[in-house]
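Quick note: numbers below take in every heavy atom, side chains included, and nothing from hydrogens, waters or symmetry partners.
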Amino acid sequence: MPELPEVETIRRGLEKHLVGKKINELEILDLKLSKENLSHVKSVKVTTVRRFGKGLVIELDNEYSIAVHIKMTGQLIFKQNKQDILPDKHTRAIFKLENAAVLYFNDIRRFGWIKILKTDEVGRLPFFKNLGPEPFKNLTPRYLQEISQKSNLPIKTLIMDQRKISGIGNIYANDALNLAKINPSRKAKFLTEKETNKLYLSILEVLNRGLKYGGSSEVNYVNADGNKGKYQNHSFVYNREGENCLNCGSKIKKTKVSGRGTYFCESCQK
DNA sequence: GACAATGTTACAGT
DNA sequence: CACTGTAACATTGT
């Protein structure tokens, strides 16, 4: 999905719409999605909606949870009433809620997943088990400095590794490095402590900015109400190849770092 | 047709 | 074993 700000924005919307409400049934439409434990999602109330990195967990009042990862093109859209736009050909699952409300799981590329399992087993799923610290919780400048010192990878690749830090993807990694004035290709181990400290603050700042603008709807992202975010109009470098650096006015360049599109300002980011 | 796209993971090679 | 790079997953848009 969408990265931490997008997933967190969805989480807040789901919290508003789902907590205390009953799920009558979960209908799985895409054969690629597992139907394991589906019988446990019948007439159950939602107690909490949590986010871990880019993953979501809808906790139920029967000891079970629904874990969801929307990968790059997933959407979770709540509708209070049946209407004519949804479901569409990309609808992979339908949560049928009390009072005729519906939550649609749409996913164009079908990379996303839904898993139903005991709440106390969610942490054992490989994705959740291996997550690194959360930027707004237990990530510290010292930790960032330590993992950087030990890594041969480009700094951009390192901060996008979910096992090292959770929640940062390509958009916010590009922008955090621009804000910190660090070239994305630099080997992490050669960054100074001053630079990793600056990067730590920049990561928090761009993620907060993402939240402030309701996430980035570069491609398919929408929030739980089906509305797009606005961060794509406020990014520092992401998807701004050939445009002017907001800091110095130089043309923003695009390259590849570890196979991912990478935007940066040659003049600011050394 | 070729290529790239917000993400993760399996696999191959070192 | 640890680390790193690449392919693969599936679909759409340029």
With distance as the sole test, does [X] use its side chain to make a donor-acceptor pair with the main-chain N or O of [Y] at under 3.5 Å?
X	Y	result
Asp175(A)	Asn178(A)	no
Glu3(A)	Ile171(A)	yes
Ser151(A)	Ser148(A)	no
Ser166(A)	Gln162(A)	no

Could you give the CZ-to-P distance, from Arg260(A) to dC3(B), as a whole number of Å?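 After rounding, the reported distance stands at 18 Å.
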Once you round it to whole Å, what is the distance between P of dA5(B) and CD of Glu3(A)? 13 Å
Please list each protein N or O that sits under 3.5 Å from an N or O in nucleotides 12-14 of chain C, with the distance.
| from | atom 1 | to | atom 2 | distance (Å) |
| --- | --- | --- | --- | --- |
| dT12(C) | OP1 | Lys89(A) | NZ | 3.3 |

Touch class at under 4.0 angstrom, heavy-atom based, for [X] against every strand present:
X	answer
Lys150(A)	nothing
Asp107(A)	nothing
Gly261(A)	sugar-phosphate

In terms of ring plane angle, is the pair Phe128(A) and Trp113(A) parallel, tilted or perpendicular, where the classes change at 30° and 60°?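 Taking Trp113(A) first and then Phe128(A), their aromatic rings stand perpendicular (interplane angle over 60°).
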Hey, does the side chain of Lys189(A) come within less than 4.0 Å of dC3(C)'s phosphate (OP1/OP2), counting only N and O? no
Which parts of residues 153-187 of chain A get close to DNA chain B, meaning a heavy atom less than 4.0 angstrom away? Gln162(A), Gly169(A), Asn170(A), Ile171(A)
For DNA chain B, what are the stems built from at least three Watson-Crick or G-U pairs in a row, each pair having both distances below 3.5 Å? B:2-5 with C:11-14, B:7-14 with C:2-9
For the residue pair Tyr263(A) and Phe236(A), is the inter-centroid distance of their aromatic rings smaller than 6.0 Å?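 Ring centres of Phe236(A) and Tyr263(A) not closer than 6.0 Å.
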